[in-house]
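Working notes for the structure below.
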Amino acid sequence: HPHKCPPNKSKHQRSHPDLTQCFQHTVLVWFPCFYLWVCAPFYCLYLRFYDNGRISLSSLCCAKTVSHTVCFGFLKLPMTSILTEIHCLQILAVLLIHLERLRGFRSSVFLFLFWTLAVICSLVPLRANIQAIIDEVCAFPVYPTINPCPVEDASFLSKVLFWWYGRLAVKGYRSPLQAEDLWSLREEDTSEKIICDLEKEKLHKEQISGFCLLRTLAKNFGPYFLTGTLCLVIQDAFMFSIPQVLLLGFVRDEDAPLWKGYLFAFLMFLLSCLQSLFNHQYMYACFTVGMRVKTAVMGLVYRKSLVINSAARRTCTVGEIVNLVSADTQKLMDFVVYFNAVWVAPIEIALCLFFLWQRLGPSALAGIATVILIFPLNGFIAKMRSKLQVQMKYMDGRIKLMNEILSGIKILKFYAWENAFRERVLGYREKELNALKKSQILYSISIASFNSSTFLIAFAMFGVYVLIDEKHVLDAQKVFVSMALINILKAPLSQLPFAMSTTMQAVVSLKRLGKFLCQDELKLDSVERAPYHPGEYIDGVVIDNGTFSWSKDSTPCLRRINVKVQRGSLVAVVGHVGSGKSSLLSAMLGEMEKKSGHITGSVAYVPQQAWIQNATLKDNILFGRERKDSWYQKVLEACALLPDLEILPARDATEIGEKGLNLSGGQKQRASLARAVYRKADVYLLDDPLSAVDAHVGQHIFEKVIGPNGVLKNKTRVLVTHGLSFLPQADLILVMEDGEITEMGSYAELLSRKNTFADFVKAFSVSERKESATNRGNASIQTMEAISDTEQEQDQEEVGRLTQADKAHTGRVKLEMYVEYFRTIGLAFIIPVIFLYAFQQAASLAYNYWLSLWADDPVVNGTQVGTDLKLGVFGALGFAQGIAIFGTTVAISLGGIIASRHLHLDLLNNVLHSPMSFFESTPSGNLLNRFSKEIDAIDCMIPDGLKMMLGYMFKLLEVCIIVLMATPFAGVIILPLTLLYAFIQSFYVATSCQLRRLESVSRSPIYTHFNETVQGAGVIRAFGEQSRFILLANSRVDHNQTSYFPRFVATRWLAVNLEFLGNLLVLAAAILSVMGRATLSPGIVGLAVSHSLQVTGILSWIVRAWTDVENNIVSVERVKEYAETTKEAPWAIEDSPLPSDWPKSGSIGFQEYGLQYRRGLDWALKEISLSVNEREKVGIVGRTGAGKSSLALGIFRILEAAKGKIFIDGINIAEIGLHELRSRITIIPQDPVLFSGSLRMNLDPFDGYTDEEVWRALELARLKNFVSGLPDKLNHECSEGGENLSLGQRQLVCLARALLRKTKILVLDEATAAVDLETDNLIQSTIRTQFEDCTVLTIAHRLNTIMDYTRVIVMDRGHITEMDSPTNLISQRGQFYQMCREAGLV
């Protein structure tokens, strides 16, 4: 076979010495054949002369012959093409074997040698084949998943019994689990796969209603769900066969052989085991589908939140979207788990009643009647409770408010408004708890009616049965088979209402999701983004007679817009506050409903309020692009970020807090600009990027980036600006008024027309010349600090970290947490609860025992005596138990509400009393998680878990007592089982708690990411980064699911193993009853066996309830966590000597005042001594980082003095309460923050002023016309963060707040940055006239605003370098003079 021998490396060069293919296929195959063919004739001759009688044909021989024929076929075929010879060989060998048999030959050397040769010769090809397979596998680009999920390659038995989970349980028991110990997700569980499959369905965007969503989900996850359902049906079959094999007939029948008893006992055991296996396969399937549904919904909501338009975005607040992802997905997961109960439960109930009818005849109808009575009652209660779901509404309100409080906490502290907002939160909380209390009491009624349902049904049936006819006798067989059936009946009865309410809630959630997914989307075609071809000359941006509005039906806010922007030109857009400048840019981005217009090339966008992610500064600038060092450095330099890097602790690897917490306004704006510049896009839309930076830095950025010689000189730039100095360099100026472009042209053209623009320029050029710049350097970090030498050695990574990620506590839950929780409820409450429980179980035991006595009652003349009395006692005991159950459940719910009220109040107080530094280092996601998820757990989960746990514990005690009463010998089995149970449980609880914690820790980042995305959706869209953010969201969801998946597997693993233990108890009780049948009465056997059948259920419920409580008690721990953090000084000091009209004069004195941001860091202010007299106007200027803002923080005691004192009116401010101080001085802060609520609430949350005063303040702040034009006037609802007012209007609202408070001291912090010149002048003149007799400290940006102040303080690096009146300072020719020269004021 020459063609079979491929050119090969020489055998000695390869890493694996190997024979050539050719040799393997020829010589090795032929050699044994040759031996057999050649020697066979001689061997036959030899046999001919050898005769030892024949060996008869045995079955073994036949089997071997067949298997040999088959195997030979299998083995040799793949290795050679010489099939015919092989077949002949096989036949020859078989013939020889039989010839030997006929000749009585027992052991053949000849064939042994042949087999040995054949084996040796086929070993070589076998090894070669194995090697080839290995090479092939290794050659595949296999991406081995780190730590793959063991279920993938578990054996059948392991899958059925969940043993594949065991390794993780052991690991978790030895040491607390870490995230890296968890298995990676299976491919079919990952977001990518699930969402891809859903997208294939192509959800028709327009009408994806809730139903449509359900259909899509069903299509994708249905088949797997149905296999689970099949398991459920099989489990049901086993469940009903168990009562049919009870031992009672055997015990009563004296003559039955013993083996029959043992057979019955084992049969019960086997059926119980099978039932539990199928049940858990079903649950596993349900939870897996639930998990996939959660992933799918989160993915869909996230993708949708990137494309909804502004009008829709206004109707859905961030809080609501996050709620869709957290609460509604949870509802859908519950729905998947309980949905089958909706149709299976009625069938189960019908079957039970059918079997009962067989036992008791028509009396079973009495049982049906009872069921029919209990049901509507529960249905009614469920309906009432769903009406009380308003608690969700209050909770939404509370969370939304908390979200705003946390975002605007700095303002609350400056204005001393914490109490007003605390009252608002507590108002919501009170309503929420009242709704909860009503709901819980109703729930208790339904629980009590359930738990006594067994008794009520039995009472009705047996009662009717014995009263109808004297001859009806209750014997053990009837009583206990009926009781077993009634116990089965309980499960579907309890599941049905729950399943129904879950289904109802899921329908509501589906509607909410459907409504959100139906929201209008941005039309992708509203802006045609034509690709940019360098050769051709076309306009960069064209809007042709455009009319734009925020939503389809609202009035257009931009009308008759005609813009043609040439490629590579710079267009400036000017106009008053609210004239539609930002809207014009939004229109260009395609964020508005449009009629026409198009843009060519890629776009980069800088929004008016910078949007910064919680990531490192570098990641914020690169924004998903790879880093090119030279370009990156160039961008940093152009955007004036290099000096900032010097101040940041870890340069560009510093982590920025959420919403850019630890950057100043100017830095955020420059980072936002750098992100755009780094993009190298074709069209740049810049929404006033120079407002938040110092004028001089603005000049630098204009020259280096935006202007004719900047980095972007060949790009198309549209710049919204308030700074007139840049206008002469623009190629085209658009003047906007009321959403229309009133004039357009170059600077010179517009001036020559002598229209509004010319007047506008004339009015401001005077001030503009005086003004252009104050300081070199850059807007500083106000709350980050240079690191002192002591901390220099820290690892770069660590230094840059700011936020503390939510940490997972490790180890078991400490006992203190339980003690803490019960202490909150109070001992006086707990002891009665325990007594009630004991009483309830005693009653239950008594009525069961009474039944067994009744069943054993001898039958005289076919009747039993004293039936009425027996029935009466039975009834009394049962009703007593029912009342006790109601008592215990109500008591526990009320106890839980008492506890959660206290814990929420403590949490709220602790958070509000925390200093600013706490909020800068704690992500708001963590805090919100405490207020929503954790408080919710304390409200509902813990009391529910406790109810279940205590109820089942006592129930178990009762079962053990009954089994021991019947067969005391069972104690020998109960004890080891208990130990084994405790052992398995401890394994489970340790791991489960860890998994729970890991899961809740990995949940926070999902919400934080959602939050950021929803807020920055405009920027993400403008940059076209949707796909990257979707991938990020996917990875966060998947990371969360990796810890969720083992959690529910753990529950299944535990339940399967525990139920096996419980079934052993059944077996023990049954076998012992069989052995002791001589001494036992049928009644007591029935009691013992029917109760032992309940054990499996009870055990798994106890563990479930136990872990629920363990897992949720973690919430107490996490809520208590903030009690230990440092707090601010007290808000008010009892009997403080403060006069009510302090400060009277408004003089301020600093004595050797020093300030540090944290201990061990550089001084932000060093030994400042200074006195400001009453009615003085002082301007504070200085380069960035000089400590200007630190002075303001010091006066308000946002930061406490590290040394020295501050006196106001001669009183040391460190000795009075914070609120007493902060409420008597006023600040107009840098960024205007409004809270959702009425406009009036935003001005005066304490309702301390009359409407006239409020109107007067609005008039002075030039807002009166605007507000009186609103339909609701003062009650106008501000949206979250005040988004329905423009930035300038919000600034004026802050001015109105100051005018309303009118205190003797006013601090103005760079408040004039984001406002156009006209508004700026308004504010300045208002402050000059209205605060004439107050002391004003201005942290200035524009020097012209402070040129007429009485004194100017020049600061540098925490020192005061110069201090005098402006004119004197200019004549001294110092630092101030230089600044003025730069600004063109001298």
Side-chain angles (χ1 to χ4, degrees), residues 395 398-430 432-433 657-658 661 802-807 809 813-814 816-825 896-939 942 1000-1001 1004 1112-1134 1158 1196-1200 1217-1219 1222 1235:
M395 183 173 154
R398 179 170 62 87
I399 303 301
K400 191 171 146 191
L401 184 59
M402 276 316 301
N403 192 4
E404 294 190 45
I405 289 178
L406 296 174
S407 315
I409 188 77
K410 199 168 185 174
I411 304 297
L412 292 191
K413 297 226 170 286
F414 273 138
Y415 289 136
W417 276 0
E418 292 102 331
N419 275 332
F421 280 82
R422 177 171 163 266
E423 289 313 310
R424 282 181 71 194
V425 173
L426 291 178
Y428 276 124
R429 180 75 182 144
E430 239 359 83
E432 187 186 349
L433 285 179
E658 290 180 68
L661 254 175
L802 165 80
T803 51
Q804 307 303 313
D806 244 354
K807 287 186 275 301
H809 298 273
V813 180
K814 310 198 184 51
E816 292 102 86
M817 280 307 124
Y818 289 104
V819 176
E820 186 67 52
Y821 183 75
F822 289 125
R823 191 186 301 131
T824 323
I825 296 178
I897 286 177
I898 292 173
S900 70
R901 177 180 278 129
H902 278 293
L903 288 168
H904 176 263
L905 187 62
D906 290 350
L907 174 65
L908 185 62
N909 287 340
N910 284 328
V911 169
L912 289 179
H913 276 280
S914 299
M916 256 330 281
S917 55
F918 168 79
F919 295 98
E920 281 159 8
S921 61
T922 314
S924 65
N926 292 9
L927 288 169
L928 268 184
N929 213 344
R930 299 292 185 277
F931 277 102
S932 54
K933 198 79 190 168
E934 315 293 351
I935 288 289
D936 190 38
I938 295 173
D939 280 351
I942 296 182
S1000 67
V1001 167
S1004 295
N1112 286 307
I1113 209 93
V1114 176
S1115 300
V1116 177
E1117 185 176 6
R1118 296 179 67 153
V1119 166
K1120 288 303 244 186
E1121 211 177 322
Y1122 294 130
E1124 278 80 69
T1125 51
T1126 48
K1127 299 286 172 281
E1128 305 183 291
W1131 284 345
I1133 292 175
E1134 291 297 309
R1158 286 208 299 265
F1196 279 87
R1197 281 176 65 197
I1198 298 289
L1199 291 172
E1200 297 288 353
L1218 287 180
H1219 279 183
R1222 292 173 185 168
F1235 300 96

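Scope of the values below: all heavy atoms of this structure, side chains included, with no hydrogens, waters or symmetry mates.
Annotation: side chain of H904 is not in contact with side chain of V1119 (no heavy-atom distance under 4.5 Å). Counting heavy atoms from C-beta on, the side chains of L912 and F421 never come closer than 4.5 Å. For the pair I942/V1116, a side-chain contact is recorded, criterion being any heavy-atom separation below 4.5 Å from C-beta on. Within the 4.5 Å cutoff, the side chain of F931 has heavy atoms near those of the L908 side chain. Side-chain atoms of V911 and F919, non-hydrogen and from C-beta on, do get closer than 4.5 Å to each other. Using a 4.5 Å cut-off on side-chain heavy atoms (C-beta onward), R398 and I935 make contact.
Using modelled atom types, no side-chain atom of R429 and backbone atom of L905 make a donor-acceptor pair closer than 3.5 Å. T1125 places no side-chain N or O within donor-acceptor distance of the main-chain N or O of E1121, the cut-off being under 3.5 Å. A donor-acceptor pair under 3.5 Å is absent between the side-chain atoms of R1222 and the main chain of L412, judged by distance alone. Side chain of R1118 to backbone of R930: no donor-acceptor contact under 3.5 angstrom is found.
Shown here are the ring pair (Phe, Tyr, Trp, His ring centres under 6.0 Å) partners of Y821, two or more places apart in sequence or in another chain: there are none. In this view, Y415 and W417 satisfy the ring pair (Phe, Tyr, Trp, His ring centres under 6.0 Å) rule, not counting sequence neighbours.
For the atom pair CG of L903 and CD1 of I938, the computed distance is 5.0 Å after rounding to the nearest 0.5 Å. In this structure, the separation between CG on L907 and OG on S900 is 12.0 Å, given to the nearest 0.5 Å. Rounded to the nearest 0.5 angstrom, M916 CE and F918 CZ are separated by 11.0 Å. Note that CD of E1128 is 10.5 Å distant from CG of L1199, once rounded to the nearest 0.5 Å. Distance check, rounded to the nearest 0.5 Å: CG of N403 to CG of L928 gives 5.0 Å. Atoms CZ and CD1, on R424 and I405 in that order, are 7.5 Å from each other to the nearest 0.5 Å.
The only member of K413, E1200, E418 that meets side-chain contact (heavy atoms from CB on, under 4.5 Å) when paired with L1218 is E1200.
Here the closest heavy-atom approach between residue M395 and residue S932 is recorded as CE-O, 4.1 Å. Closest approach of G896 to I825, counting heavy atoms only: N-CD1, 4.5 Å.
Within 6.0 Å of the OH atom in Y428, the count of heavy atoms belonging to other residues, nucleotides or ligands does not exceed 12.
Between W1131 and H1219, the ring planes lie parallel to each other; the angle is under 30°, not in the 30° to 60° tilted range.
Within the structure, the side-chain hydrogen bond (donor to acceptor under 3.5 Å, both in side chains) test picks out the following pairs touching residues 907-919 (sequence neighbours left out): R422-N909.
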